[in-house]
There are 2 protein chains.
Amino acid sequence: MTERKPRKDAVRNRSAVLAAADTLFHDYDSSKGVTMADVAAAAGVGKATIFRAFGDRAGLIRALCEVRLEVTMDAITAGPPPLGPGARPQQRIPAVLDALLCFKLDNRHLALALEEAADLGPYRAENYDRWHDLLQLMLEQIPGMTHSDFTAHALLAVTRADLVDHLAGNERVSPEQMRTQLADFTARVLHPYPL
Amino acid sequence: MTERKPRKDAVRNRSAVLAAADTLFHDYDSSKGVTMADVAAAAGVGKATIFRAFGDRAGLIRALCEVRLEVTMDAITAGPPPLGPGARPQQRIPAVLDALLCFKLDNRHLALALEEAADLGPYRAENYDRWHDLLQLMLEQIPGMTHSDFTAHALLAVTRADLVDHLAGNERVSPEQMRTQLADFTARVLHPYPL
DNA sequence: TTGTAATACGGACCACCGGTCCGTATTGTT
DNA sequence: AACAATACGGACCGGTGGTCCGTATTACAA
């Protein structure tokens, strides 16, 4: 019973910050980093308000990502195959990785910021663990699969935001090409091991 | 003929900085980051001297890595198989990746700093391109291999310093385990594709 | 050896960023 | 209307990579 009614200015400001940050990350695509002061200014709010609402920079970015990932996560946890449960791992794993890749392609700066935010790579984010555990569970259902834990890490490493950004930006790889290449690579990893 | 004789104090200071930084990164293993001021103090030198000699933080770290990687690079470019040239790609690629992994295991903080230094991931470092090109060339010799460019990126992503650090530090994976798991994963990627 | 131009030195200094403080303003409640 | 409780915001802080510039050192020529 320690529930308190939140003040309406607080909620209003919270969503204003969220909206402003989303815009900044999305189309203020500049190579310059988005600073907390930027977000505060764009939201018409003091800096402290952001930190009060989200804890720290990582918290804000995490919150943004959760919004952006909501539909994808729903599709994975409760949607139809091949993304949703029910599909065989050989179909579902590529589908999940493709969804993750698409997210990073569609939200390059945001994903980049997320993976830089947690102080030691993306591996502190509780978000990462969700993906890893999901992948690992599916990998374990594949006959002949070894080291499912490591393999899950490895597959996720291939979709790291900075790699995606490098390929898309510097090497001019189109989204479609990247999705195909990731799918082929994944297939290579998943296909039965002819030992 | 624009060659100038370098001043001896400059050379002395340069190596002093290199030595101090190496020590700091290696056994001052603290979780705290190594700052430029730290290095300057440890080397008994002003900060500007470091920047004059190495350009910026990334330059210093790059120089350090080159020293630390020298033997490995020699073994790869001119040593005996399976690391050196002459080995079949199926043997050499795992060997090269294992060597890279060992480097990151032996120089965790340094490798971590290197990959954080270049402003957008490790992909700006000219160092990365060397590894990528080498891998890609070998991959292209494997029958049935597709997307050798992407595959090279993918294999390198698995040895990212922060992943290695996370596995070794947080998940308590022993170096031997990691090497085995990477080798198995690589084998999976390399084995003939039963299309 | 001495004079001098070139080069390097170093620590004060700067810009920037994430994050905090605290006096003030807004809200919800009685 | 009175009064807690809560939120506000911008000045402020600590720390970092990087620069400036007056001074000291070096290489070289006379």
Side-chain angles (χ1 to χ4, degrees), chain A residues 1-18 20-21 24-25 28 30-64 109 112-120 124-125, chain B residues 1-18 20-21 24-25 28 30-64 109 112-120 124-125:
Chain A
M1 288 307 151
T2 51
E3 296 299 303
R4 286 270 168 188
K5 194 174 189 179
R7 272 171 54 164
K8 67 179 177 189
D9 52 352
V11 265
R12 176 171 39 81
N13 281 331
R14 186 190 159 91
S15 48
V17 167
L18 228 35
L24 282 190
F25 276 111
Y28 176 81
S30 154
S31 54
K32 299 302 302 170
V34 176
T35 75
M36 300 307 261
D38 289 339
V39 177
V45 145
K47 275 176 54 177
T49 298
I50 301 186
F51 288 95
R52 210 174 303 116
F54 299 96
D56 59 2
R57 182 183 166 85
L60 169 61
I61 294 172
R62 242 179 275 130
L64 264 179
H109 300 284
L112 218 36
L114 175 68
E115 297 188 10
E116 282 168 0
D119 273 295
L120 223 79
R124 296 242 175 194
Chain B
M1 287 307 152
T2 51
E3 297 298 304
R4 285 272 168 186
K5 193 174 188 179
R7 273 171 54 162
K8 68 180 178 191
D9 53 352
V11 222
R12 176 171 39 80
N13 281 332
R14 188 192 157 89
S15 48
V17 167
L18 227 37
L24 281 189
F25 274 112
Y28 177 82
S30 154
S31 53
K32 299 302 301 169
V34 176
T35 75
M36 296 290 113
D38 289 339
V39 177
V45 144
K47 276 176 54 179
T49 298
I50 301 186
F51 288 94
R52 210 174 304 116
F54 298 96
D56 58 4
R57 181 185 166 86
L60 168 60
I61 294 173
R62 243 179 273 131
L64 264 179
H109 300 286
L112 218 36
L114 175 69
E115 296 188 10
E116 283 168 0
D119 272 296
L120 224 79
R124 296 242 175 195

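Worth knowing before you read on, the calculation uses all heavy atoms, side chains too, and leaves out hydrogens, waters and symmetry mates. Each chain gets a letter, A, B and so on, in the order the sequences are listed, and its residues count up from 1.
In this structure, R57(B) CZ and M36(B) CE are separated by 4.0 Å, a value rounded to the nearest 0.5 Å. Distance CZ/R62(A) to CG/D56(A): 6.5 Å, rounded to 0.5 Å. Within the model, atoms NZ of K47(B) and OG1 of T49(B) stand 11.5 Å from one another, a figure rounded to the nearest 0.5 Å.
When the P atom of dC17(C) is taken as reference, atom CG of D56(A) falls 17 Å away, rounded to whole Å. Atom CD of E116(B) is separated from atom P of dG17(D) by 11 Å (rounded to the nearest Å). For the pair F54(B) CZ and dT19(D) C1', the computed distance is 18 Å after rounding to whole Å. Spacing between atom NZ of K8(B) and atom P of dT7(C) amounts to 17 Å, rounded to whole angstrom units. Following rounding to the nearest Å, L60(A) (CG) and dG19(C) (P) show an atom-to-atom distance of 10 Å.
A donor N or O paired with an acceptor N or O is found under 3.5 Å between the base of dT26(C) and the side-chain atoms of R7(A).
For dC8(D), one of the phosphate oxygens OP1 or OP2 lies less than 4.0 angstrom from a side-chain nitrogen or oxygen of N13(A).
Among the nucleotides dG17(D), dC9(C), dG18(C), the one closest to the side chain of M36(B) is dG17(D). In this structure, of dC9(C), dA7(D), dG18(C), it is dA7(D) that holds the atom nearest to the side chain of A10(A).
Taking for each of D38(A) and G55(A) the nucleotide of DNA chain C with the nearest heavy atom, the 5'-most of the two is the partner of D38(A). DNA chain D is contacted by both R14(A) and A58(B); R14(A) maps to the nucleotide lying nearer its 5′ end (nearest heavy atom per residue). If R12(B) and A37(B) are placed on DNA chain D by their nearest nucleotide, the residue sitting closer to the 5' end is A37(B).
Only K47(B), A48(B), F51(B), listed by number, bring a heavy atom of residues 42-52 of chain B to less than 4.0 angstrom from any atom of DNA chain D.
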**Stepwise side-chain contact (heavy atoms from CB on, under 4.5 Å) test for N13(B) and I50(B)** = CA-CA 8 Å; N13(B) 281 332; I50(B) 301 186; over 6 Å; no
**Message:** Pair D38(A), K32(A) - check side-chain contact (heavy atoms from CB on, under 4.5 Å), show working.
**Reply:** CA-CA 11 Å; D38(A) 289 339; K32(A) 299 302 302 170; over 6 Å; no
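Side-chain atoms of R14(B) and F54(B), non-hydrogen and from C-beta on, do get closer than 4.5 Å to each other.
Considering every non-hydrogen atom in both A16(A) and A43(A), the closest pair reads O-CB, 3.9 Å.
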